Amino acid sequence: MYSRRQILKGSLYGMGAAAVGSGIPLTSELMASTPRVDFVAQHISHKLGANDIETKNMYSFGPTIPPTIRMKRGEEFHGRLINNLEEPTTIHWHGFRLPNNMDGVAYLTQPYVYMGDSFDYKFVPHDAGTYWYHPHCNSLDQLSYGMTGMIIVEEDEDPGFDQDIPINLRDFRLGGDGQFIKLYQPRKTARAGTFGTMRTTNWMSEPTYEAQAGSLVRLRLCVTDVTRIYKLSLPKDAEAKVIAVDGHPCDPFPLRHFAMGPGQRADVAVRVPDVEGTEVAITNYSSNNPWDVVKIKAKGQSVKRDLAEIGALPDNPVPRPDLSNAEYIPMEFSAAAEKAAVPNPICGGLGFKFWAINTSVWQKDGAGDPNEPIKVLQKNKSYVFEFINRTPHTHPIHIHGMTFQILKSNKREVAPWWTDTALVLPDEKMQVALKPDTEGDWLIHCHILEHQKSGMTAFMRVE
Ligand code: C2O
Ligand code: CU
């Protein structure tokens, strides 16, 4: 009997070789000046959420919860992926504008990194803010088993918080024995997706973080779950404001039933209460039994800071599209024409085609015919995409390597946020604008991974 992994590895060699032929270096040399961060993909055991049983066979980028990486805007980052898993993997830097061969999409932008191999990622982050990283190879399995970490790209000038807390929000799909169960149920894949069973924040259950009374805390929320759309709220009287969405600064607003889908981030400035022991909680209301995803507890004597001391964050240098000269491109998200089973074990396709973009079904993880982009875009030209949702489900639509601005919707008031992932509601038509600035093949997909893996994926070529 062959294990699924053996088959996977065996069938991939041909395709890996094809990608090498496209001239992407397997590893580049170390630059002495840049300190290197090692990401060691490995199996670990860990007690997740409220469990006191260790969950075995988790996947991680380190010996515990995947580390939060700090980068400096404008300074080269050097990360080395070392693969100690028995299956190929990669790292995708979600939300970054970077060279195409650093984007981490197996087969499309780089060869698979096999067991025992390594790959060096080097790029300069251009935009400050909150981002994350995850594999882009057999992604439903690898993310579900634990491989998601956060990235903080520091602003040039310190905005002046007393504390900065990354909050990695996600569920794990565990049985009563604390071990992983089947990651998806096809009938749910064809709907909103299959939910996890253990809710976690930084892999813990409803953690409380202590902070100096009266101080200013920056909470960086990041939804790394593969399915769940959160709806997050702070109490009305909390002294707090959202200051950035999906990495980019926004006009401040209160955190109130704010919907965040897989892949999305929000930075919240919180002024800790003055009275020692007082707690402020962020609560998720997207389920019938709401829960506190995180609590901040005041300790010590109040330092009496004021939220107004935090000024507006500086804008990121995202290329601004010219709306008067933009080309209009509709992007329709729909169910696939036939809901057929397609046997396809390549790097994590689920073997079903349920979903489509502009009627094209591409169920594989970057492994399609590289000669067939869904659109060819010109570098430095402006575009208006219309995301048209023809389904009764919400889809977080993510574009690699480009930052787009939300323009309007036929269903609601929208703010002109810059983002890489937009939540598109059932029957919504949302217009967004962008100006691609880097050549290459860039994915567009739903970040509900079961949707991505059963058809709602395509790529665009910028030339
Ligand atoms: Cu966060 Cu294509 O990924
Ligand atoms: Cu979707």
Side-chain angles (χ1 to χ4, degrees), residues 66 89-98 100 102-110 130-140 142-144 147-151 168 170 184 188-195 222-229 246-247 259-265 331-336 347-348 350 352-357 361-368 387-403 419-428 430 440-460:
T89 190
T90 61
I91 303 180
H92 168 60
W93 312 92
H94 182 120
F96 283 79
R97 300 185 291 123
L98 39 56
N100 195 236
M102 294 289 112
D103 196 42
V105 181
Y107 187 67
L108 188 70
T109 70
Q110 71 161 87
T130 304
Y131 302 89
W132 64 298
Y133 62 97
H134 60 78
H136 226 294
C137 180
N138 199 12
S139 321
L140 179 62
Q142 295 189 1
L143 272 77
S144 298
M147 296 174 92
T148 68
M150 291 182 60
I151 301 173
N168 184 338
R170 57 170 305 174
Y184 66 96
K188 295 188 175 158
T189 304
R191 295 181 174 82
T194 312
F195 287 84
C222 179
V223 177
T224 69
D225 194 52
V226 297
T227 312
R228 185 184 295 285
I229 295 165
D246 298 331
M260 290 175 69
Q264 298 196 284
R265 291 89 63 208
M331 289 276 177
E332 266 192 49
F333 303 94
S334 69
C347 216
L350 296 189
F352 295 96
K353 45 181 181 179
F354 291 136
W355 304 101
I357 303 181
V361 176
W362 193 36
Q363 73 280 13
K364 300 172 235 171
D365 191 21
F387 293 156
I388 304 165
N389 184 352
R390 301 251 184 245
T391 79
H393 304 286
T394 299
H395 301 284
I397 301 300
H398 173 46
I399 301 182
H400 284 214
M402 298 171 220
T403 304
T419 181
D420 50 74
T421 309
L423 263 191
V424 189
L425 306 178
D427 303 313
E428 185 170 33
M430 176 190 277
D441 290 340
W442 302 104
L443 285 189
I444 173 169
H445 64 82
C446 178
H447 222 294
I448 291 176
L449 290 197
E450 286 161 86
H451 294 174
Q452 176 194 347
K453 297 296 184 172
S454 60
M456 208 176 271
T457 304
F459 77 94
M460 302 184 283

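Start at 1 and go down the list; that is how both ligands and their atoms are numbered. Treat the numbers as computed from the prediction; the structure is a model and nothing was measured. Side chains are part of it too, since the values below use all heavy atoms of this structure and drop only hydrogens, waters and symmetry mates.
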Could you walk me through whether Phe96 and Met102 pass side-chain contact (heavy atoms from CB on, under 4.5 Å), step by step?
-> CA-CA 10 Å; Phe96 283 79; Met102 294 289 112; over 6 Å; no

State which residues pass salt bridge (charged side-chain N to carboxylate O under 4.0 Å, His left out) with Arg228; sequence neighbours excluded, sorted by chain then number.
-> Asp171

Have a look around the Cu ion (ligand 2) and list protein N/O/S atoms under 2.8 Å, or say none.
-> His395 ND1, Cys446 SG, His451 ND1

Are Asn168 and Thr224 close enough that a side-chain donor and a side-chain acceptor fall under 3.5 Å?
-> yes

Close side-chain approach of Pro426 to Thr391, heavy-atom, < 4.5 Å = no

Please determine, by modelled atom types, if Gln142 and Thr89 share a side-chain donor-acceptor pair under 3.5 angstrom.
-> yes

Compute the ring centroids of His398 and Trp132, then answer whether they are less than 6.0 Å apart.
-> no

Do any protein N, O or S atoms sit under 2.8 Å from atom 1 (Cu) of ligand 1, and which ones are they?
-> His94 ND1, His134 NE2, His447 NE2

Do His445 and His451 pass the ring pair (Phe, Tyr, Trp, His ring centres under 6.0 Å) test, and can you show the C-alpha distance, the side-chain angles, and the key distance before you say yes or no?
-> CA-CA 8 Å; His445 64 82; His451 294 174; over 10 Å; no

Taken in chain and number order and not counting sequence neighbours, the residues that satisfy salt bridge (charged side-chain N to carboxylate O under 4.0 Å, His left out) with Arg191 are none

If you measure from the Lys or Arg side-chain nitrogens to the Asp or Glu carboxylate oxygens, is any gap between Asp420 and Arg265 under 4.0 Å?
-> yes

